[in-house]
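Reading through the structure tokens given below for one structure.
Just so you know, ligand 1 is whichever comes first in the structure, and atom 1 is the first atom listed for that ligand.
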Amino acid sequence: MQSFSALFQPYTFRSGVHVRNRLVLAPMTTWSSDPDDSVSQAELDYVARRSKGVGLALTAVTYVTPNGKGFQGQFGAEHDQRLDSLKSLAAAIKSGGARAVLQIFHAGHQALPEFVDNDVVSASPVPPPASPFRSDTPVPVRALTQKEIHDIVLDFGQTTRRAIEAGFDGVEIHGANGYLIQQFVSGHSNRRTDDWGGSLENRLRFPLAVIEEVKRVIATHAQGPFLLGYRFSPEEPHEQGLTMHDALSLVEALRAQDLDYVHVSLSEYAGQPRRGNDLERTRLEQIAERLGTQTPLIAVGNVWSPENALQALDLGASFVALGRALLLDPEWVQKVEAGRSQDIQTTLSINDREALTLPEPLWKLLTGFMVKDRLTDEPNPELNPA
Ligand SMILES: Cc1cc2nc3c(=O)[nH]c(=O)nc-3n(C[C@H](O)[C@H](O)[C@H](O)COP(=O)(O)O)c2cc1C
């Protein structure tokens with residue numbers, strides 16, 4: 001039998017935060033906050049169960065400022081009244097023995113107009129791409145002023161302070177998946193002619209300013225080890241969008257930041273680039289190579305088996321994040337560790353919601369389109385004992 005011990009090597013990050021293994025709960029929005037945007041009991045139950053095996057658990061993304069809210073049912077971290085809600089989330093994750101990392105963002109032009117008084121903002125007035133989460137009606141987008149950009153940078157810092165006060169072990173800056181930070185990096189969505197746009201150097205100014213402010217807050221407020229990670233997406237499909245060439249320049253800039261980790265958001269961990277750079281080798285290999293050995297890399301994307309996870313390590317990742325695999329089987333990590341990987345569930349029956357501790361709105365989206373190909377009619381006997 002293949003040994004999966006490489007997945008269970010402990011690790012101490014640059015900041016001093018120690019984790020028990022190389023497996024990570026991928027950040028996953030559950031659309032299930034309470035009506036006042038506090039973390040709900042359903043989300044606490046969902047995340048506590050999935051934090052019992054992994055080393056690091058990344059929360060669903062939260063917004064740092066009111067007009068950064070991106071989804072229906074997204075919990076907030078934009079003011080100090082959120083502290084109790086955030087404390088309960090950190091405690092739920094830590095109860096399972098994982099390190100708790102709050103993922104923080106501003107949705108930019110992906111914000112839903114109804115949540116931001118119809119004042120949708122971005123680097124430039126470029127509309128968001130189509131999404132199953134938004135209506136098809138075009139949304140007017142306004143370019144942020146320089147003062148607003150500075151204020152949002154400070155908001156990332158203040159949310160980091162709240163994460164520290166709430167007992168988290170770190171924050172992950174969400175620079176991926178087309179949200180505000182990526183909107184600044186991308187030449188497609190950033191058409192600014194001031195210092196925040198134009199050359200790649202200028203387009204990287206916003207993420208680097210956010211990193212600098214978050215680091216400053218950590219240095220000022222954290223009493224013990226507190227980690228800082230950064231998630232990015234390597235490519236965008238549209239013509240003027242990000243290419244692997246841009247992505248590798250971003251990776252180089254991140255390498256110089258002495259982060260605890262860099263997290264590449266991939267839909268397929270072994271996928272090859274679309275354009276720009278070497279099309280033969282996987283994105284993961286090229287990114288790992290450019291990042292070097294001093295900063296660990298988290299990979300994600302279509303990892304369902306421990307063999308997949310090992311392959312991601314072989315391609316250059318130091319950690320592997322599991323998204324849908326942990327939704328469909330919350331005990332994935334424990335099963336692999338106990339030599340029971342043959343028992344991992346990778347399909348979903350229409351009766352599994354409660355047995356899997358999945359919040360109702362997340363369940364609806366999963367069965368609606370996110371794992372449609374994995375739905376079976378048969379109830380799973382392990383989850384639904386007679
Ligand atoms: C239900 C769901 C919610 C997600 N929410 C987030 C999120 O809040 N932040 C984020 O960076 N990525 C989010 N993602 C992307 C995942 O973190 C991950 O990158 C993606 O699902 C690919 O990994 P997988 O194939 O293991 O599921 C979400 C994915 C799913 C399925």
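Of the N and O atoms on the side chains of Ser15 and Asp260, at least one donor lies less than 3.5 Å from an acceptor on the other residue. Arg374 and Thr347 are not linked by any side-chain donor-acceptor pair at a separation below 3.5 angstrom, with hydrogens and angles left out of the test. No hydrogens or angles considered: a donor-acceptor pair under 3.5 Å links the side chains of His263 and Glu172. In the model, Ser305 has a side-chain atom that pairs as donor or acceptor with a side-chain atom of Asn308 under 3.5 Å. Side chains of Gln182 and Glu236: a donor-acceptor N/O pair is present below 3.5 angstrom, by distance only.
With a 4.0 Å heavy-atom cut-off, ligand 1 is reached by the side chain of Leu362 but not by its N, CA, C or O. If you look at Val300 next to ligand 1, the close heavy atoms, those under 4.0 Å, all belong to the side chain. Residue Asn177 touches ligand 1 through its side chain alone, judged by heavy-atom distances below 4.0 Å.
Where the criterion is an N or O separation shorter than 3.5 Å, residue side chain and backbone included, Ala325 fails it with respect to ligand 1. Annotation: Pro27 places an N or O atom under 3.5 Å from an N or O atom of ligand 1; distance criterion only. Checked against a 3.5 angstrom limit, the closest N/O atoms of Asn302 and ligand 1 fall inside it. Between Arg324 and ligand 1, at least one N/O pair is under 3.5 Å apart. The shortest N or O to N or O distance between Val303 and ligand 1 is not under 3.5 Å.
Closest to atom 22 (C) of ligand 1 by heavy atom, among Gly323, Pro361, Gly301, Gly70, is Gly301. Of all the listed residues (Leu327, Leu266, Thr29), Thr29 holds the heavy atom that lies closest to atom 3 (C) of ligand 1. Distances from atom 9 (N) of ligand 1 to the heavy atoms of Glu268, Arg231, Gln103, Glu172 show the closest one on Gln103.
Under the 4.0 angstrom criterion, atom 29 (C) of ligand 1 counts as having a protein heavy-atom contact.
The distance from ligand 1 to the heavy atoms of Ala26 drops below 4.0 Å at these ligand atoms: 17 (O). Ligand 1 places these atoms under 4.0 Å from at least one heavy atom of Val61: 8 (O).
Partner Thr30 forms a side-chain contact (heavy atoms from CB on, under 4.5 Å) with one of Val47, Leu362, Leu327 and no other, that one being Leu362.
Heavy atoms of other residues, nucleotides or ligands lying less than 6.0 angstrom from CD of Glu114 number more than 12.
Taking the six-membered ring for Trp and the full ring otherwise, Phe156 and Phe105 have centroids separated by 6.0 Å or more.
Looking at Arg216 and Glu212, no side-chain N of the basic residue comes within less than 4.0 Å of a carboxylate O on the acidic one, giving no salt bridge.
Ring geometry for Phe13 versus Phe319: interplanar angle under 30°, hence parallel rather than tilted (30 to 60°).
Using 4.0 Å as the threshold, Ser267 has no heavy atom nearer than that to any atom of ligand 1.
Atom 2 (C) of ligand 1 has its closest protein heavy atom at Met28 CG, 3.7 Å.
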